[in-house]
Amino acid sequence: MSSTILNRIEEASKFIGKTWPLYTFVASNPLSGYENLSFKEAVGLAQKHFGSNAFPEAKLYRKAMENGDIDKAVLSSLLKENGFSESSEVYLKLLESQEFIEELNKNHTLDRIMAKWLSAFMDEGLAEWEIPYKSEGFYTAWRLLVIYDSEIGLTTLKDIPKSSAETLELLLKDYSENDYKDIFTYHLTALPGWTGYINHREQSNSDWQQEYRIDLADYLAVRLWTAKKLNLSFLPDTKNESANTKIPRLQYIWLKAWEETWQKQLIHTLESKSIDIETTDQVDASIPDAQMVFCIDTRSELIRRHVESNGNYETFGYAGFFGIVMDYKSLADDFTRKSCPPIVNSAYVVTEMAQNGKKEQYSAYGKKNEVKNFGDYFLKRMKNMLPSAFGYVEGSGFYYGLSLIARTLAPGIIYRKRQKNASKMESICQTNINKMVREDESSLGISLEEKVGIVKSAFDLMGWKKFAPLVVFVGHGSHSANNPFGSSLDCGACAASPGRHNARMLAKLANLPEVRMALSKTHAIDIPESTLFIGAEHNTTTDDIVLFDSEAPESFAQLINDLKENLSKAQQTATENRLGFKGSSVSKSQQKANNWAETRPEWGLAKNAGFIVAPRSLTKNSNLDSRCFLHSYDWEMDTEGKALEGIMQGPMVVTQWINNHYYFSTVDNILYGGGTKITHNIVGKFGVVQGNGGDLKMGLPLQSLYRTDEDMYHEPLRLSVIIQAPVNRVTDILARNSQLKTLLDNEWIYVLVMEPKQKNVIFKYSEGLKWEMMSNNILNTSIKTPNESELVLT
């Protein structure tokens, strides 16, 4: 294949994102390839490519105004700044008068045929019968089988080149090289869900990809050959662009007004509760009974408030993979899954081993799992094999009926029964960490230096000053039934896996005597001998927190029992707060977790709009309504700014992914989202389609974002980041990290800095490393940040 064709495919591929599989449904920006453009330019170009909506519907703006979520003064000011002199009501009615005209898809037949071939080839174990020639790769398998496809028309093997390279060369010979990128973009963006999943398989080089190869060149060769056979154009129709440019400008102004109003409200909350930097030394320095480290996830904000109000406890926020870039090999099914952010490569693999004195229980657990796994496999084969399927259904229907009745009428009771044994593995196992297997490595063990580095990094990023007798690292996961999108409710920092194993692993490392000694000698971090670290898991559906305390010394029994009792109280008050009623709120949450007809087991990260990087003292007394990610950070301890730089490079980027995933899934749920759950069909174990075919859904379903088909729950706002740190420190970090500066300059994300040296005055970033001071929540001055020695903020 010519380098020109390969280069044009690479350029065109930037316009599609990555579609993550259901089993690791990671939130990501569907327009990540457009981030080098401003947000306004990007959504306009995406609308051209995908035919998508880019902004909230006018009715959502109307409702936001009625609810007071859009400040009319802010809106009026923005309208005047942009040359609109009429009242906001006049322009809102103009937006409401716009009708979306759905155009006929001229490539419907082509799209349907491609979806058929892709679902057959890319199947990951759902189908009982595998497509022939699958191990030969997508193009070869298609070439050998398409001669039997009646939808294509009469064809023979000699009519089809033997490789995708030859096919593309042949089909494009009559086109100018200048047309290549347009052709490839047009056909890649026709099915962005499917091509996004090809992108994911290529870049992740998953086990399925290694065994059954498919790439975008193969896809394009098959699609263009099929298009030619169906007499369809390779290039899109050239349209006379006569759209009213006033509409997207107004839509953007309304979005900005909504976002600025949210920022005003958040700043008001923080300013009324913030602690003046000059008085922090007078803060009560007593040691709490326990310290708990939660994920920065917005759902942690709720439970942290209720934990703190039910005892002498201090909480921290830290990315939920707890700084361990690892894969986890499950003892339950022997599968290895990523358990750290998708943007980093795993350096370690964590496995399970028997605790001291529990080898017999460990062995018995393994044998029990083998029997269970065989039973599951046997039942599946009985249901799906043709010779046994009908007899099996006839014979077992009565028992399945009883099961369905029980799951429908008493989901909570069944859930509680199952949960009694849910943490059995953690009571007999301990985590074991090794390096990822490499061909050039004979030793897999992890060095003391690496263990110390993992623990120290956690303490540095959180600004840890003192240690309680009990320190709990709390990962999180979600429980739901009959939910293809279940992994989207787990920990995003753990690649949509539960964070319990990372929490257990960090606790084990922090308890090692040699690690503590090295931390003290080398880094002046003194952990008292009386401090114990343990792992835990927060169930975000029920707000239950399970402590993995089976290895805790007897001397900690009373402290742990007190904590468990108070966590139970926190669960009660948290579920009452979240679900909106008292009394049986815990029972209600358990029903939602195990109800096979429940479309909204929990709201996940819906309503996320802010990311606060600051000490807990800044937010502790505020109810942020589970709308903010919270990362602990102490600017005074981070003298060189390295911890803040790590937070901005990692968690800030990931939260921007999450925020944009929710934004675009809300504004266009059909294209960027998952559509309604009601008509979902699972494809190949990795995705869903709406109805019986079409494009692979790449975002969140309607029920994760809306209360009803019309009533919005998630508010589609871009992420506002508030950092308590010196302005010059943030400026230096942005100057060193062009990719972060690009995100800010192009308005994919907002950054506001709370300047502790100037009594927490707020400065808002604007393009070109400039900062605008916000006084009374109104932008009133613009400054170019000088060097640190010149910095004088007024």
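The basis for the numbers below is simple: all heavy atoms, side chains too, and nothing from hydrogens, waters or symmetry mates.
Across all non-hydrogen atoms, the minimal contact from Thr599 to Lys677 is O-NZ, 2.9 Å. Among all heavy-atom pairs drawn from Val307 and Tyr313, the shortest one is O-CD1, 3.5 Å.
Enclosure of atom CG in Asn692 is not indicated, since only 12 or fewer non-hydrogen atoms of other residues, nucleotides or ligands lie within 6.0 angstrom. Open room surrounds CZ on Phe335; 12 or fewer heavy atoms of other groups in view lie less than 6.0 Å from it. Surrounding NZ of Lys372 are at most 12 heavy atoms belonging to other residues, nucleotides or ligands under 6.0 Å away.
Side chains of Pro651 and Phe629 form no contact here, defined as non-hydrogen atoms less than 4.5 Å apart. Counting only heavy atoms from C-beta outward, the side chains of Leu630 and Ser300 never approach each other to under 4.5 Å. By the 4.5 Å heavy-atom criterion applied to side chains, Ser704 and Phe485 are not counted as neighbours.
The aromatic rings of Tyr197 and Phe686 lie parallel to each other, their planes meeting at an angle below 30°, with 60° marking the opposite boundary.
Each of Lys508, Arg504, Lys329 was scored for a salt bridge (charged side-chain N to carboxylate O under 4.0 Å, His left out) with Glu352, with one residue passing: Arg504. Considering Asn539, Thr540, Thr542 as possible partners of His479, the one that fulfils the side-chain hydrogen bond (donor to acceptor under 3.5 Å, both in side chains) test is Asn539.
In this structure, Asp695 contributes its side chain and Ala115 its backbone to no donor-acceptor pair below 3.5 Å.
Of the inter-residue distances, the one linking Phe25 atom CZ with Ser487 atom OG reads 7.5 Å to the nearest 0.5 angstrom.
Checked against ring-ring contact (aromatic ring centres under 6.0 Å, His included), Trp657 has no partners two or more places apart in sequence or in another chain.
Under 3.5 Å, the side chains of Asn502 and Ser339 contain a donor-acceptor pair of N or O atoms.
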